[in-house]
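Here is how names work: the chains are called A, B, and so on, in the same order as the sequence lines, proteins then strands, and each is numbered from 1. Keep in mind that this is a model prediction, so the values were computed, not measured.
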Amino acid sequence: MASPKVKILLAGSPSLAVPAFQAIVNDQRFQVLGLLTQPDQPAGRGLKLTPPPTKVWALKNGLTVWQPEKLKTWQSALVNIKPDMVVVIAYGQLIPQALLEIPPQGWVNVHGSLLPKYRGAGVLSAPIINGDQQTGISIMKLVKELDAGPVIAQVKINLASDETMGSLASKIGQVAADILPDTLIGYIERRLIPQKQNDSQASYVGLVATADAKIDWHKSALEIERLVRAMQPVPGAWTTWRDQRLKIIEATVSDQSWLNPGKVGLIDGQLAIGSGQGALIINRLQLAGRQAVSGNDFLIGQADVLGEYLA
RNA sequence: CGCGGGGUAGAGCAGUUGGCAGCUCGCCAGGCCCAUAACCUGGAGGUCGUCGGUUCGAAUCCGACCCCCGCAA
């Protein structure tokens with residue numbers, strides 16, 4: 001095994017990227033030069049300066065970390081680092097064309113969908129909202145256009161009936177960790193040839209905002225239940241009760257439809273809310289400022305919610 | 001000093017013009033019943049987040065601190 005190690009610069013921000021990054025660090029075929037990630041941002045209560053999860057991981061592993069505000073001004077730094085390749089998992093910024101051309105092997109990206117379906121930022125929630133049976137990951141080369149680069153490898157992931165965005169994120173992170181090292185080597189050795197995407201079949205999903213997570217009780221219970229899973233754990237599908245935000249954390253669909261949309265009642269003794277079609281049995285929910293509780297516990301403490309309307 | 005809600009029995013909540021600490025569920029015991037997660041009776045279980053102050057007396061008023069949570073970013 002005389003071939004030199006592949007020099008890699010990692011780029012990514014959320015914890016979803018950590019397992020795959022760790023897999024590369026653990027693999028003797030690679031030499032990791034460091035991590036490129038977003039600057040620490042004010043976040044959480046009190047707006048304390050918070051580092052991206054990958055940065056915390058990188059420092060623990062003794063890696064150098066770069067956090068440029070803007071990539072445009074970071075061009076010369078990348079030239080000096082001299083990576084053979086940059087591996088990107090949810091970095092959080094579009095990479096300027098000029099930077100894409102610097103590493104000899106280019107920039108390789110892990111994308112959380114089966115491209116060309118679901119290009120864009122909301123890839124994790126989209127398949128759950130749409131009730132897809134399958135999604136997956138695509139390992140692809142970055143090009144100037146968003147998520148449009150040629151695909152090196154894809155792996156399908158089955159969506160469980162109770163899949164949430166959170167559970168899907170960990171599946172994607174794990175699958176990425178499983179296949180990324182071999183895929184990168186295969187690509188470098190030209191055994192895996194990037195295949196151009198069929199642009200005519202591309203679809204786009206925008207970033208999910210909290211407003212998108214507000215429940216419209218006139219929709220069907222089936223759609224609402226999917227929304228609940230797609231928004232879990234953040235930002236959480238929500239409605240309001242007495243001007244307070246009420247998050248629905250876990251729910252199941254009932255075909256009983258005698259409750260009007262948004263009206264709270266009991267179905268088989270369980271907390272339920274009417275919808276446009278069928279009803280939603282509420283298994284777990286959280287009132288603003290309170291701990292998340294089961295439907296039963298909520299009824300014990302807030303019994304007067306019965307018969308009221310949520311909006 | 002970004003905005004806001006909350007810490008009271010195992011759980012979920014009420015209780016702030018200061019006056020022996022409550023409700024629902026659960027739990028334990030007994031009863032009713034062919035039987036039951038139903039019903040009836042009885043019972044156990046709380047340093048009211050912590051520390052200090054005011055007061056004859058503090059869950060309640062004042063001060064400091066710890067922890068949890070919603071928004072926002």
Side-chain angles (χ1 to χ4, degrees), chain A residues 11-18 36-57 65 67-71 90-94 120-125 164-167 169 205-217 224-225 227-252 254 256 262-273 279-311:
Chain A
S13 301
S15 54
L16 157 69
V18 168
L36 169 65
T37 190
Q38 296 294 321
D40 294 5
Q41 304 283 356
R45 275 168 232 114
L47 298 181
K48 288 184 287 289
L49 217 53
T50 306
T54 49
K55 177 186 178 182
V56 176
W57 165 83
V65 175
Q67 301 176 278
E69 287 286 341
K70 290 182 179 176
L71 282 178
Y91 171 62
Q93 264 184 52
L94 210 56
V123 282
L124 263 49
S125 51
T164 65
M165 179 162 59
S167 67
V205 287
L207 191 60
V208 184
T210 303
D212 303 321
K214 178 163 186 178
I215 294 170
D216 175 358
W217 292 107
I224 297 170
E225 191 271 340
L227 180 74
V228 167
R229 288 188 286 116
M231 296 302 165
Q232 190 55 227
V234 282
W238 58 280
T239 182
T240 58
W241 178 48
R242 296 180 176 173
D243 295 326
Q244 283 195 300
R245 191 171 291 224
L246 184 63
K247 276 190 190 178
I248 308 298
I249 294 173
E250 188 188 324
T252 50
S254 164
Q256 296 196 37
K263 184 164 186 175
V264 182
L266 289 178
I267 290 181
D268 297 331
Q270 293 185 291
L271 180 62
I273 303 172
L280 215 57
I281 307 287
I282 309 301
N283 300 322
R284 197 159 186 80
L285 70 170
Q286 180 177 32
L287 196 57
R290 305 261 182 187
Q291 304 277 13
V293 297
S294 70
N296 277 343
D297 282 350
F298 188 79
L299 280 173
I300 289 170
Q302 312 286 352
D304 46 354
V305 74
L306 288 174
E308 298 204 2
Y309 281 85
L310 307 181

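- The side-chain heavy atoms of A:Leu36 and A:Pro68, taken from C-beta on, include a pair separated by under 4.5 Å.
- B:G30 is paired with B:C40 under the criterion used here, namely a Watson-Crick or G-U wobble arrangement in which both key atom distances are under 3.5 Å.
- Taking a pair to require two hydrogen-bonding distances under 3.5 Å in either a Watson-Crick or a G-U wobble arrangement, B:C25 pairs with B:G10.
- Once you apply a 4.0 Å limit to the heavy atoms of chain A, the touched nucleotides of RNA chain B run 5' to 3' over B:G2 to B:A73.
- Taking A:Ser254 as the reference, nothing meets the side chain to side chain donor-acceptor pair (under 3.5 Å) condition, with sequence neighbours excluded.
- The nearest heavy atom of RNA chain B to A:Ile300 and to A:Gly289 marks one nucleotide each, and the one closer to the 5' end goes with A:Gly289.
- Using a 4.0 Å heavy-atom criterion, one finds that A:Ser294 contacts no nucleic acid atom at all.
- The same atom, C1', is picked in B:G42 and in B:C34; the two are 26 Å apart, to the nearest Å.
- B:C13 and B:A9 are spaced 12 Å apart, taking the P atom of each and rounding to whole Å.
- Between the side chains of A:Thr54 and A:Ser13, no donor-acceptor pair is found at a separation under 3.5 Å.
- A:Gly236 comes within 4.0 angstrom of no nucleic acid atom, judged by non-hydrogen atoms across all strands.
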Give every donor-acceptor pair under 3.5 Å between a side-chain atom in residues 285-311 of chain A and any protein atom, sequence neighbours left out.
| from | atom 1 | to | atom 2 | distance (Å) |
| --- | --- | --- | --- | --- |
| A:Gln286 | NE2 | A:Arg290 | O | 2.7 |
| A:Ser294 | OG | A:Asp297 | N | 3.1 |
| A:Asp304 | OD2 | A:Arg242 | NH1 | 3.4 |
| A:Asp304 | OD2 | A:Arg242 | NH2 | 3.4 |
| A:Glu308 | OE1 | A:Trp241 | NE1 | 2.7 |
| A:Glu308 | OE1 | A:Arg242 | NE | 3.3 |
| A:Glu308 | OE2 | A:Arg242 | NH2 | 2.6 |
| A:Tyr309 | OH | A:Asn260 | ND2 | 3.0 |

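- Taking the C1' atoms as reference points, B:G6 lies 14 Å from B:G12, given to the whole Å.
- Rounded to a whole angstrom, the distance from the C1' atom of B:A11 to that of B:G45 is 13 Å.
- Under the side chain to side chain donor-acceptor pair (under 3.5 Å) criterion, A:Gln232 pairs with no residue at all, not counting sequence neighbours.
- Within 4.0 Å (heavy atoms only), A:Gln286 reaches sugar-phosphate atoms of the nucleic acid but no base atom.
- Residue-level contact check: A:Gly46 touches the bases, meaning some heavy atom is under 4.0 Å from a base atom.
- Across every strand in view, B:A58 sits unpaired, with no contact that passes the Watson-Crick or G-U test at under 3.5 angstrom.
- Among residues two or more places apart in sequence or in another chain, the salt bridge (Lys or Arg N to Asp or Glu O under 4.0 Å) test is passed with A:Asp212 by none.
- Using P as the reference atom, B:C20 and B:C48 are 15 Å apart when rounded to the nearest Å.
- Remark: A:Asp40 pairs with A:Lys55, A:Gln67 by the side chain to side chain donor-acceptor pair (under 3.5 Å) rule, at least two apart or across chains.
- Separating the P atom of B:A21 from that of B:G26 is a span of 26 Å, rounded to the nearest Å.
- Annotation: B:U16 and B:U41 have their C1' atoms spaced 36 Å apart (nearest Å).
- Nucleotide B:G2 forms a pair with B:C71, judged by Watson-Crick or G-U wobble geometry with both contacts under 3.5 Å.
- Nearer the 5' end of RNA chain B, as judged by each residue's closest nucleotide, is the contact made by A:Phe298, out of A:Phe298 and A:Gly44.
- Pair assignment for B:A64: B:U50, on the basis of Watson-Crick or G-U wobble contacts that are both within less than 3.5 Å.
- Comparing the C1' positions of B:C68 and B:C23 gives a spacing of 24 Å, expressed to the nearest Å.
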Q: For the pair A:Val228 and A:Ile249, evaluate side chain to side chain contact (heavy atoms under 4.5 Å, CB included) and give the outcome as yes or no after the intermediate values.
A: CA-CA 7 Å; A:Val228 167; A:Ile249 294 173; over 6 Å; no
